[in-house]
Amino acid sequence: MSISLKFPDGAERAYDDGVTPLAVAEGISKSLAKKVVAAKIDGAWWDLTRPLEGGGKFELVMRDSADGLEVLRHDAAHVLAQAVQELFPGTQVTFGPVTEDGFYYDFARDEPFSTDDFERIEKRMKEIVDADLPIIRKVWEKEAAIAHFKSIGEIYKAETIDEVIKPGDAITVYSHGDKWGDLCRGPHLPSTGKLGKAFKLMKLAGAYWRGDQNNAQLQRIYGTAWADEKQLEEYLKRLEEAEKRDHRKLGRELDLFHIQEEGKGMIFWHPKGWTLYRTMLSYMRRRIEAVGYVEVKTPQILEQSFWEKSGHWQKFHDSMFVCETDEGEVMAVKPMNCPCHVQIFNHGQRSYRDLPIRMAEFEGLHRCESSGSTHGLLRVRQMSQDDAHIFCTDDQIVEESKAFIDLLNLVYADFGVELHSVKLALRPDQRFGTDEQWTIAEDKLEQAANLAGVQVERIANEGAFYGPKLEFHLRDAIGRTWQCGTLQLDYVLPERLDAAYIAEDGQKHRPVMLHRAICGSMERFIGVLIEHYAGAFPMWLSPVQVVVATITSDGDAYAKEVAAAMRAAGLRVELDLRNEKVGYKIREHSLAKTPVIAVVGRKEAEERKLALRRFGSDAQDVAALDAAVAALVAEATPPDLRR
RNA sequence: GCCGCCAUAGCUCAGCUGGUAGAGCACCUGAUUUGUAAUCAGGGGGUCACAGGUUCGAGUCCUGUUGGCGGCACCA
């Protein structure tokens with residue numbers, strides 16, 4: 001009997017039945033066989049030493065490919081688990097998947113681990129690699145496996161098998177020699193030695209069993225693993241570089257903002273940071289005004305009864321800031337604008353002819369976020385959103401949604417950021433509204449996204465209590481993603497707050513509300529932007545656009561004239577007349593990531609010229625004053641105002 | 001909120017096994033008038049996050065609190 005393997009290059013070869021992928025690889029070349037970590041047959045994973053059970057499309061998975069890294073990391077997780085169980089008897093294993101850059105394993109142990117244990121654990125892991133234990137795949141009956149794991153005290157494993165595997169089905173267990181075994185889908189390497197030593201334990205964290213905070217808290221050890229030492233080094237270097245882009249560090253270095261102990265999650269915006277903020281707000285205002293939004297401003301603090309009517313009190317009062325007046329009224333600071341906007345909508349009679357009404361507000365919002373969740377600018381307790389609510393008819397939903405997504409794409413392009421992903425958050429367990437309403441709402445959002453040319457990823461259970469939402473995610477410097485833009489469809493709030501318009505039939509009808517934001521929290525968006533640009537903003541956003549720096553005090557008068565001319569032309573200018581060497585001034589303003597340094601010496605003053613030096617370049621661009629100012633103004637013009 | 005780690009000058013950090021705080025940058029003063037990434041000299045600056053405790057003596061050890069960091073949970 002023979003089987004036929006079809007290789008990716010199209011070649012097709014016959015092999016004896018029962019040949020292993022490793023033997024196939026060795027038949028091709030020894031060096032290839034060294035680098036191969038697993039195989040795929042018709043797209044399904046296959047262990048290298050497991051005899052093939054039939055022919056098909058055959059692919060060898062190399063250790064430095066994306067698939068190969070996944071195998072290595074899975075093995076690293078198993079080796080970690082073995083090391084931990086050997087060093088800390090009584091520790092139970094639970095679950096250890098691969099992550100984007102590595103892996104983690106969740107352990108159950110009464111005593112907490114400490115990062116001080118990492119050295120010992122890593123050492124033991126390396127010993128396991130050196131021992132080159134064969135990794136053996138075994139197929140077990142479900143019931144036998146449960147009994148086995150129970151008998152050795154692995155209750156989490158037994159529970160997992162019981163719930164994940166159908167009765168009567170078989171499971172696979174991979175073991176390292178006769179020492180250690182874990183339930184696993186595989187594939188795995190032929191032996192622990194193949195893993196190599198390009199791995200490192202990174203961090204320790206608590207994690208709830210099955211992600212539910214009502215369950216036991218486990219201890220998660222994160223690690224990273226790579227094909228070789230060089231890749232590991234590169235990865236660690238990448239992390240270091242990313243740290244330099246951290247918006248909290250840059251916020252301090254560039255004097256943009258600060259946070260202090262008494263105001264957890266509250267931002268003190270310094271003049272430069274606030275300039276950036278205002279520049280972005282002005283831009284957003286122009287963008288939305290141009291497409292038919294109106295702006296309003298509503299109260300910051302309203303009575304408890306108001307939030308009870310909207311439904312926020314019942315669902316969210318834990319995360320609202322609440323205060324009481326001397327006269328005993330209980331008031332809450334607004335966590336969001338929507339119920340306020342409905343009040344404006346409800347004031348007076350609305351006709352279908354008025355719709356859609358696109359009502360925007362940039363006022364501050366306060367949310368009492370839990371203490372462990374605040375994070376620089378990315379998760380704060382006080383913020384502003386580029387918030388708006390679109391009141392419209394059912395028929396207008398798709399059109400309005402599409403127009404919003406188009407606007408969002410335009411704005412993101414202007415800010416130079418790229419969408420990481422768009423998610424469609426579907427109905428949660430706790431929700432208002434009927435199933436039919438939800439189905440229609442979910443479909444309409446997806447339809448609008450498709451019309452705007454955006455692919456969505458549907459995620460179950462993540463919608464707001466009043467409706468499904470589209471989430472537009474961006475990435476930070478170290479790869480975490482944050483929801484920035486959002487579009488939420490809401491049939492519930494208009495109902496609860498009795499919003500209505502008179503339709504063509506002369507009857508009252510409920511409008512639909514679209515909650516939408518492009519930047520989302522301005523704070524968060526600025527945080528992402530700082531990391532995206534590593535603090536070196538494009539000219540139109542930069543808090544300081546030009547520094548006019550003199551060489552000697554002879555140039556003072558001319559420098560002042562230059563700065564005044566630039567200011568008059570609308571540029572944000574600083575004047576550096578200090579008694580310092582040019583080199584010193586250049587260095588300082590370069591470190592501050594100023595887009596343009598205009599150097600003024602005797603020559604420039606005499607010829608009424610400027611020597612411009614741009615961030616990231618040491619070239620000198622000498623131009624006549626008027627022409628230089630005009631050019632800088634053109635460069636500094638916000639994208640929406642450019643011709 | 002939960003788990004682990006951390007907290008020394010404005011910033012970055014040093015301070016061994018407990019013996020009454022130190023550097024660089026920044027800041028201030030003086031000198032220097034300088035041509036594209038650090039001119040020189042002098043000076044000021046710290047309740048070592050906070051509160052207790054152990055000790056003859058605590059930045060250092062212990063407990064608690066606050067805040068930060070990395071995760072988990074949460075995220076209208």
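In what follows, every chain begins at residue 1, and chains take the letters A, B, ... in the order their sequences are listed.
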Novice: Is the phosphate of B:C3, meaning OP1 or OP2, less than 4.0 Å from a side-chain N or O of A:R220?
Specialist: no
Novice: May I ask which nucleotide in the shown strands pairs with B:G45, Watson-Crick or G-U wobble, both distances under 3.5 Å?
Specialist: none
Novice: Report which part of the nucleic acid A:P112 touches: base, sugar-phosphate, or nothing (heavy-atom distance under 4.0 Å, all strands).
Specialist: sugar-phosphate
Novice: Write down the distance between CG (A:L204) and C1' (B:C5), rounded to a whole number of angstrom.
Specialist: 9 Å
Novice: With side chains defined as the heavy atoms from C-beta onward, is the minimum distance between A:Q304 and A:W313 less than 4.5 Å?
Specialist: yes
Novice: Which whole number of Å gives the distance between the C1' atom of B:U66 and that of B:C75?
Specialist: 24 Å
Novice: Using purine N1 to pyrimidine N3 plus N6-O4 or O6-N4 for Watson-Crick, or N1-O2 and O6-N3 for G-U wobble, both under 3.5 Å, which nucleotide pairs with B:A21?
Specialist: none
Novice: In whole Å, what is the span from the NZ atom of A:K203 to the P atom of B:C6?
Specialist: 17 Å
Novice: Would you call the rings of A:H270 and A:H258 parallel, tilted or perpendicular if under 30° counts as parallel and over 60° as perpendicular?
Specialist: perpendicular
Novice: Both distances below 3.5 Å, Watson-Crick or wobble geometry, any strand: find the nucleotide opposite B:C50.
Specialist: B:G64
Novice: Rounded to the nearest angstrom, tell me the gap between atom CZ in A:F321 and atom P in B:A76.
Specialist: 16 Å
Novice: For nucleotides 8-16 of chain B, tabulate all protein N/O to nucleotide N/O atom pairs closer than 3.5 Å, reporting atom names and distance.
Specialist:
| from | atom 1 | to | atom 2 | distance (Å) |
| --- | --- | --- | --- | --- |
| B:U12 | OP1 | A:R252 | NH2 | 2.9 |

Novice: Mind calculating the distance between CG (A:N215) and P (B:C3) to the nearest angstrom?
Specialist: 16 Å
Novice: Do the side chain of A:R613 and the base of B:A37 come within less than 3.5 angstrom through a donor-acceptor pair of N or O atoms?
Specialist: yes
Novice: Report yes if some heavy atom in the side chain of A:R431 is under 4.5 Å from a heavy atom in the side chain of A:W438; otherwise report no.
Specialist: yes
Novice: Indicate, yes or no, whether a donor-acceptor pair under 3.5 Å links the base of B:G71 to the side chain of A:Y208.
Specialist: no
Novice: Under 4.0 Å, counting only non-hydrogen atoms across every strand here, what does A:E262 touch: a base, just sugar-phosphate, or nothing?
Specialist: nothing
Novice: Whole angstrom is fine here: how far is it from CD1 in A:I259 over to P in B:A49?
Specialist: 20 Å
Novice: What's A:Y584 touching, base or sugar-phosphate or nothing? Going by heavy atoms closer than 4.0 Å.
Specialist: sugar-phosphate
Novice: Go through the N and O atoms of the side chain of A:R379 and the base of B:C75, and report whether any donor-acceptor pair is under 3.5 Å.
Specialist: yes
Novice: By the 4.0 Å heavy-atom rule, please label A:H375 as base, sugar-phosphate, or nothing.
Specialist: sugar-phosphate
Novice: Between A:S373 and B:C75, does any side-chain N or O lie under 4.0 Å from OP1 or OP2?
Specialist: no
Novice: Need one value for A:S114: base, sugar-phosphate or nothing, where a base atom within 4.0 Å counts as base even if backbone is also close, heavy atoms only.
Specialist: sugar-phosphate
Novice: So, does the side chain of A:Q219 form a donor-acceptor pair with the base of B:G71 at under 3.5 Å?
Specialist: no
Novice: Students often get this wrong, so: under 4.0 angstrom with heavy atoms, is A:V599 touching a base, only sugar-phosphate, or nothing?
Specialist: base
Novice: Tell me which nucleotide, if any, is Watson-Crick or G-U wobble paired with B:G4 when both distances must be under 3.5 Å.
Specialist: B:C69
Novice: Both distances under 3.5 Å, Watson-Crick or G-U wobble: report the partner of B:U39, or none.
Specialist: B:A31
Novice: What's A:Q385 touching, base or sugar-phosphate or nothing? Going by heavy atoms closer than 4.0 Å.
Specialist: nothing
Novice: Checking base pairs now: Watson-Crick or wobble, both atom distances under 3.5 Å. What partners B:U55?
Specialist: none
Novice: How is A:K603 classified with respect to the nucleic acid when contacts are heavy atoms under 4.0 Å: base, sugar-phosphate, or nothing?
Specialist: base
Novice: To the nearest Å, how far apart are A:D212 CG and B:C72 C1'?
Specialist: 12 Å
